[in-house]
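Labels below follow one simple rule: chain letters A, B, ... track the order of the sequence lines, proteins then strands, and each chain is numbered from 1.
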Number of protein chains: 2
Amino acid sequence: MDNQTKKAAWIAVDWGTTNLRVWMMGRDNVPFEQAHSDKGMGGLARDEFEPALTELIAPYLADDQVTPVICAGMVGAREGWREANYIATPCPPPGRTAAVKVEAQDPRISVTILPGIKQITPPDVMRGEETQIAGILREYPNFDGIICLPGTHTKWVHISAGEIVSFQTFMTGEMFALLSEQSVLRHSVTSDDWDQQSYLTAISDAMTRPQSVTAHLFGLRAGGLVGELAAETARARLSGLLIGIELAAARPYWLGQNVAIIGAGVVAELYRSALVEQGVPAAVRDVADLTLTGLTAAYTAQEGASE
Amino acid sequence: MDNQTKKAAWIAVDWGTTNLRVWMMGRDNVPFEQAHSDKGMGGLARDEFEPALTELIAPYLADDQVTPVICAGMVGAREGWREANYIATPCPPPGRTAAVKVEAQDPRISVTILPGIKQITPPDVMRGEETQIAGILREYPNFDGIICLPGTHTKWVHISAGEIVSFQTFMTGEMFALLSEQSVLRHSVTSDDWDQQSYLTAISDAMTRPQSVTAHLFGLRAGGLVGELAAETARARLSGLLIGIELAAARPYWLGQNVAIIGAGVVAELYRSALVEQGVPAAVRDVADLTLTGLTAAYTAQEGASE
């Protein structure tokens, strides 16, 4: 059966903390097969990375040649398969020649890991987002402006002349998760409904008086005890207060700028609607296939120069 | 042996979420014995409260009379022994006549629970702190100014003419715990040392530009990855950023005011040193015995009027 399976020209790997996704690529740089598992970097010891990869890609490896495997994401962190050190801003998203080679046991693969990007002042790091940015730049080589990547750690990135000029990370998503699931507020903000008007009012409150965010938080609990604050309103206000203070701090990034949001559905829409209220018509680009586009950009950018 | 044990004139009870403390009081309102257990309100079902109390106080109960037992704290929450509804500001700390009677099985005790205090606008609640405030007012009946009670949920309370006029709660302690123990920052802020100068600089940063707090947080992680930010510096900065944004929001409470801090050692000192930098010479009063003083105030304030 193995001999009948189509073999990959190269393999693209998105290896995050909790997930592993691979694409089997043809000579035309189009994937003809994909696979995934939950063997993210967070749960693997160093000697478990190669088996986790092999179990997904083995059928697509030719015995008579070496197949390039190019990886992005937390697999390159210090606790990952092998550390791929950060490159410093300003810089273009890293291509294959910047990747670090991993010594694999299987002679049929040549594995490399793309580095993350660091900024010295103010100190900041990214690992994985640079590949999504590479995807945007492959689609829009002349993009000049701001890319916002909402998530657990939202990033605002200034792109100019094909380079990542500067960026800033906010822990907004992680703060929302901690406060809504583990703090005293968990009793007050659990709801599947959503109050968009309260969300936008909270954005405005936070941007006008950022220090008031910390004063308003406990009120989300007390409002339900002494008044009639509904859970969907409290949840929307919590989200609005946290994203609002982020927008206040990130103002130099978005004010008067060309902003693109790379994200998934609900969270991306939260940022989009908040920016619209500030007069910034940000476009949303779905994150799903940008990583593959970015991995392809990294692979092909240096294709002629490598083996 | 039981007949030889001195009997209590009344019993004072501080019953919080995680701890239960009782004092056996003489007719002179001085405790002659005390006891405690870890049977806090958080771990008890409704029918487990009375046994938890009785196992500490039984030897001190007379068989031929009814001993008053007066309780303060989370024991009066909705999930407690019996809900003692909040009274609304402005109001003095509640005395015994405002307490709610609990139907105890043991005929030798008459148990009452002091209510908490609520504020309708902006919505806020306290339960337990009002008894510490009663302790301050028993010692200084003419106190007029601000009481700051640092803790998991820090409270700023405006006291005038023996009444709680208004108050504001900040989740600063809970935020510090969540961020330092459960967020990505846990890798970067674990230290037993302390960098007081960085703490004060972060206070100043946060007060000058409150929105920058959210921008600085991830930098505490990144600063250790791309630079040489030490853990004790990162820990002090995290604390300073969070207390600083609280001070920015609480400015109407403390600016130009007479401020007393009720708290325990380290945290009280953090608030004190930050306020000194703002030109506010706050006095620190140890919290330990104020609850008993407040319970005594609540008991004696209405002593003549009750049974």
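Across every non-hydrogen atom of A:I245 and B:P210, the tightest pair is CD1-O, 4.1 Å.
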Put together the list of donor-acceptor pairs under 3.5 Å connecting chain A with chain B, please.
unit_1, atom_1, unit_2, atom_2, d
A:Q168, NE2, B:A215, O, 3.1
A:E174, OE2, B:V184, N, 3.0
A:Q182, OE1, B:Q182, NE2, 3.3
A:Q182, NE2, B:Q182, OE1, 3.2
A:V184, N, B:E174, OE2, 3.0
A:A215, O, B:Q168, NE2, 3.1

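Of the listed residues (A:A248, A:A215, A:A206), the greatest number of heavy-atom pairs within a distance under 4.5 Å of chain B belongs to A:A215. For the options A:I120, A:L217, A:V184, A:L242, heavy-atom pairs under 4.5 Å to chain B are most numerous at A:V184.
If you measure heavy-atom distances from A:M207 to chain B, you find no contacts under 4.5 Å at all.
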Can you list the steps and then say if B:M175 with A:L179 is a side chain to side chain contact (heavy atoms under 4.5 Å, CB included)?
CA-CA 8 Å; B:M175 294 265 286; A:L179 288 171; 3.7 Å; yes
